[in-house]
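Quick notes on the structure that follows.
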Amino acid sequence: MTEESARDGVFAADGGSSRGDEGVVRRDRFSGGPARSFLSSLAADERIFEADLEVDRAHTVMLAEQGIVEDDVAGQILTALDAIEVDGHGSLPDGEDVHEAIETAVIERIGAEGGKMHTARSRNDEVAACIRYRLREDVLEAVETTLALRESLVTVAEAHAETIMPGYTHLQPAQPTTVAHWALAYEGAVGRDTERLLEAYGRINESPLGGAAFAGTTFDIDRERAAELLGFDGVVENSMDASSSRDFLLEVTQALSTHATTLSGLAEDVVIFANRSFVDLSDDYSSTSSIMPQKKNPDTLELVRAVAGDAAGGVQGLTTTLKGLPRAYNRDLQRATTHAWETVDAVTEASEVAAGAVATADWNEATLAAEAGEGFSTATGVADLLAANGLPFRTAHEMVAHAAEQGGDYDALEAAAREVLGEPLESLVDPDAVEEALDPAASVASRDSQGGPAPEAVTDQLELARESQSDDRATLEELEAALEAAHETLREEVNGYV
Ligand code: ARG
C-alpha cells in the first residue's frame, strides 16, 4: 500500500472509528506509538479544562450566531459540553491534549455532528485562548496576594510609626529608622509589583481565538463576538501573532519573578530581624528542629526567600523555550506554558505566606530601641547638625569619623572637635542640640524630609500607600467583575441553545 492509498483508506473508513459514526479517523493513525505520553499534555491540561469548555462554548455560540453551525447542532454540542464538565477532566477519553479529548468526548456523545465544533479554528488559537483565559484568573489571584501583603505592611506601619529600630546599609548599622519606615519601603516595592502584574494582565486579556492554525479561516467568523463572550478586551489582530505568540507568558512570568525578588529581600530582612530578636514570628509561620528542642526557626520565610529561585527558573525556562522559535505554531509551546503555571503558583503562595508572616509577627520594641543607636548610628545626624551650624559637611564628616573611632559619644565628639578643628565643640554648636542628635528617637524625628522616617513624613507615606492600595483594589474588583459578567452572559447565551 502506498502512503497515499493508506491515507485514502483511513479517510474512507466508515464506521470503524472510535470517534463517531463517520469520518474523523485520520487522527487514529497518529494516536499510538511509544512517544504517545511524551506528546500528550492531557494531564497538565487539567489546569485549562474549565477554560477549554468556556472557549468551546463561546466559539460554538459564535458559529451558530454566524450561521456557520445550525442552532440545533450548537445546542447538542453545548449540552454535551455541560455533561463533560460535570464528569470532569478525569473522565475524558485519551487524547493528545484536553482540546482533542473534549472534542472526542463531544463526538462520543452526539455523533459526528459534534465535529462541527472545530469549524473555523485550530488547537493553536484554541490553546492560546485557554491559556490566556485561565491565566487571567491566576494573575488576579496573584494581584490579590500582593494587596494582602501591602495591607499587612500598612497595618505594621500604622502600629509602629514611632517604633525606633536600627537601619542598615551593607548590613552594618547605618542610621536609626522606624519599623513603619521599613514596612513602607516594602509596601512601595510590592505596590510596583502589583502594577506590573496589572499591566501584564492588560496584554493577556486579548483574544487569539479565530486565528485558527495561524492563517485565518475562510468562514465568516466574528472574532470580536467570541472575544466578548469570553470577557476579553479585544482580539490579537494578526492571526499568526494570535496563534503563536507567548510574550504574554514571558511578561507575566517576569513580573512574578520581580515580585519574588522583592519577597526574597523582605523575607531575608525578617530572618535577620528574628535572628536579632527584633521580631518574633508567630508559631504558625515557624518550625522547630527534630533534634534541638529549643529551636524556633523562620522556615516559612526561608522558603519565601527561595521561591525567587523557582521564579527565576521559570523565566529562564520560558525564555529558553521561546527563543528562536520560528512563526507560526511549534509544539515547543506546549512546554512553555507549564513554566508560567509553576511560577504563578509558587510566587502567589509565597506572597500569601509573606503577608501572613508579616501580619502575625510581634515587634520587640524594647530590643529595637536598645539596638537603634548601635554602632554610633546617629553619626550622620551629628554631622548634619554641625553642617547646619556652618561647618562644611565634608569637614563635619571628618570630625565625626574621628569621634566614631573614639567611641562615638559626646566626649568623643568633644575630643574630636579639639583635635580635628582645634576648637571646643561648644563654640561650634549648642551642646543640648548635640545630645539630642545623639538620641536615636530624636534623630529619627529630625529626618522629616519627604519620604523620610520622621513620624509626620511617615503619615504622608501611609496616606499615599492607602490611596494606591484602594485604587489597585478597585481595579482588581472591576476586572474580577468583568470576568464574572462575561461568564454569566455566556451562560445565558448557552441556555438559549440547550
Ligand atoms: N497541546 C498543545 C499546546 O499546548 C496544543 C495543540 C496544538 N498542536 C498542534 N499539533 N498544532 O500547545
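Basis for what follows: all heavy atoms, side chains included, without hydrogens, waters or symmetry-related copies. What you see is a predicted model; the values in this text were computed from it and never measured. Indexing begins at 1, ligand by ligand and atom by atom, following the structure's order.
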Under 3.5 Å donor-acceptor, S40 side chain and G95 backbone
yes

Checking side chain to side chain contact (heavy atoms under 4.5 Å, CB included) for the pair R150/S468: CA distance, chi angles, key distance, verdict?
CA-CA 10 Å; R150 289 163 66 191; S468 106; 2.7 Å; yes

Thinking salt bridges, do D52 and R123 make one under a 4.0 Å N-O criterion?
no

Residue pairs fulfilling salt bridge (Lys or Arg N to Asp or Glu O under 4.0 Å) with at least one residue in residues 244-256, sequence neighbours excluded
R203-E251

N/O pairs closer than 3.5 Å, ligand 1 and protein:
residue, atom, partner, partner atom, Å
ligand 1, 1 (N), S41, OG, 3.3
ligand 1, 1 (N), D97, OD2, 2.9
ligand 1, 1 (N), Q334, OE1, 2.8
ligand 1, 11 (N), N124, OD1, 2.8
ligand 1, 12 (O), Y329, OH, 2.4

Between E228 and R225, is there a side-chain N and carboxylate O pair less than 4.0 Å apart?
yes

Before accepting this row, confirm whether a basic side-chain N of the pair E158/R466 lies closer than 4.0 Å to the acidic partner's carboxylate O.
yes

